[in-house]
Amino acid sequence: MKPARTRFAPSPTGHLHLGGARTALYAYLLAKQTGGQFLLRIEDTDVKRTIPGAEQEIIDGLHWLGLDYDEGPDIGGKFAPYRQTERREIYQRYAKILIDNDKAYPCFCTPDQLEKTRQEQLKRKENPRYAGTCRNIPPAEAAKRSADGEAHTVRFKMAQEGVTIAHDHLRGDIATDNKQLNDQVLIKSDGLPTYHLAAMVDDHEMQITHVIRGSEWLGSFPLHVNIVRAFGWEEPTWVHLSVFLKPSGKGKLSKRDSAEANKDGHSVFIKDMEDLGFTPEGVLNWAALMGWGVAEDDVLTLSQMIERFSIDSLTPSPAAVNFQKLDHFNATHIRRLTPEDLSARLKPYFTREGLKVNDDVLQKIIPLIRERLTTLDDCLAFGAFFFKEDVSPTPEDLIAKGLDAKQSAEVAKKCLEILSSLASIDHATAEPALRAYVEESGLTPNQVFGILRVATTGQKVSPPLFESMEIIGREKCLQRIQTALQLLEKI
RNA sequence: GCCCCCAUCGUCUAGUGGACUAGGACGCGGCCCUUUCAAGGCCACGACCGGGGUUCGAAUCCCCGUGGGGGCACCA
């Protein structure tokens, strides 16, 4: 396949979300696989809706995901600028070409007038569409009026007869009766282009070979191919991706669903993912597989995805998101990280809780906690006690199942004796000694080790006991058991 | 209202007319392992939306229903 040039072209009007991330991913994969370029273009022509900081969030999000672009607003490139508000003259120039070729015309209708006819059409149960008022103004007159400074837009002169055949790579030919099509606004009265013109012009100028975008564009797809054809340009390959549905499958996934997702530690916004303990690998793998059919072996790294990706195996049907699957992919990728990589990623989660991380200890606990982590921040639940001076178990937790407080205290006392008598509490030394005690006492391992676990780690669920005790160290362990013993004796 | 798109286990999907007793993954249930929790291993449950065609043969092609989704701005 020839090198593909693809682009991710979001508008800076909100947070970078899941759907955007997946669109960017597919565009990235295709470009990288074919040895082409992936670029970022900011579609900020709706000045009123532009949100300060949104562009930076998009950039940060792509960077976090590891979807590095070859050209973009912050790094420039051969076709700069990559921010549409900085390309105003370019669109003006192309709009004029269309007007000169009778493919577009200035429209002097005011928003009020348009809204009025719109309401009337609605009342008559008609399709709201442009009435064509300015379509037939003689070009000379129109040119004079706009030259005189009369406020106007520029509309596309859509063919009123015939059929438009648009070809989508996933769906084949889509035929639309031109009567259904409208004379859409290309240039707004503020002089800036609408998406329809801007995107087509830029994709052409920037030599985009594959337009990968959401299926919400399918409605204006016929318009877009008409614009491209009016210019006489070669069409890119059009790939309209399926939409993401709410977990229930009822309706499109929207920003509002994030509140619901947040309840169980998930989000639809990329900016939240890191805080929630997700890895870029997990998020990417998860997003990739909604809409891309991989037969088997679906745990994939980014480079494996680059190898295996194909726009031919994309699916056109909507996909309901499943956050449990995100958990699974995240956990799987965490386990595949090298110990060094994992400890580097874990450290911030400990420090953000105010814990002082000893790198030596961190290294040692990795093998103990790695297969227990679903999200990176789970390291707190399984490992925070390694970095604390003291633990504070609740007295009730210290009482083993089937025993009372007094009996549990006996056990703690005996364990303390045994461990005190040992020069080292390496797991290799401590475990046999304690197992021998379990044997002779007639208690279950669960009872004895349970008490020790709560005493030394402060919690009922922890990494393996003996390995943990070894890392905590002899002095601290003895001291913690002593404290636990006192707690039990007070009950 | 009009237009467009989609349709395989609960969910994501494989399947491109015979290799389908419909495969994989998540989840769910069970068992094994086991000091807790995980991880891992094994097993089970579980789907071709309905009706008509075409064909020797249809999950696969066509039509009609139904269901779901998207869109109908001087927003993207």
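Chain letters run A, B, ... following the sequence lines, proteins first, then strands; residues in each count from 1. This structure is a prediction, so every number in the text was calculated from the model and none was measured.
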Got a sec: does the CZ of Arg93(A) have more than 12 other heavy atoms crowding it under 6.0 Å?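 Yes, enclosed.
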
What does [N] pair with, Watson-Crick or G-U, if both distances are under 3.5 Å?
| N | value |
| --- | --- |
| rC9(B) | none |
| rG17(B) | none |
| rG50(B) | rC64(B) |

Classify [X] by what it touches in the nucleic acid, base, sugar-phosphate, or nothing, heavy-atom distance under 4.0 Å.
| X | answer |
| --- | --- |
| Pro247(A) | nothing |
| Thr164(A) | nothing |
| Thr13(A) | nothing |
| Gly450(A) | nothing |
| Phe221(A) | nothing |
| Pro222(A) | nothing |
| Gly214(A) | nothing |

Both Leu465(A) and Arg335(A) contact RNA chain B. Which one's nearest nucleotide lies toward the 5' end?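 Upstream on the strand: Leu465(A).
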
Leu289(A) vs Gly172(A), nearer the 5' end of RNA chain B by closest nucleotide: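 That would be Gly172(A).
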
Distance criterion of 3.5 Å, no angle test: do you see the side chain of Arg49(A) paired donor-to-acceptor with the base of rC75(B)?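 Result: at least one qualifying N/O pair found.
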
On a plain distance test, is the side chain of Thr153(A) in donor-acceptor contact with the base of rC74(B) below 3.5 Å?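 Per atom types, no contact qualifies.
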
From the options rU13(B), rC5(B), rA76(B), select the nucleotide whose nearest atom is closest to the side chain of Ala319(A).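 Out of rU13(B), rC5(B), rA76(B), the nucleotide with an atom closest to Ala319(A)'s side chain is rU13(B).
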
Side chain of Ser220(A) only, please: which of rA76(B), rC74(B), rU35(B) is the nearest?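 Ranking rA76(B), rC74(B), rU35(B) by closest atom to the Ser220(A) side chain puts rA76(B) first.
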
Within the 3.5 Å criterion, strictly below it, is a donor on [X] or [Y] matched to an acceptor on the partner's side chain?
| X | Y | result |
| --- | --- | --- |
| Asn446(A) | Thr444(A) | no |
| Tyr105(A) | Asp183(A) | yes |
| Arg213(A) | His240(A) | yes |

Between atom CD in Gln324(A) and atom P in rU11(B), what is the gap in whole Å?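 After rounding, the reported distance stands at 13 Å.
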
Row check, Phe8(A) ring normal vs Arg41(A) NZ/CZ: under 6.0 Å, within 45°: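 No; the conditions do not both hold, so Arg41(A) does not lie above the ring face of Phe8(A).
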
Give a yes/no answer on whether the side chain of Arg370(A) brings an N or O atom under 4.0 Å of OP1 or OP2 in rA39(B).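 No, because none of the side-chain N or O atoms of Arg370(A) sits under 4.0 Å from OP1 or OP2 of rA39(B).
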
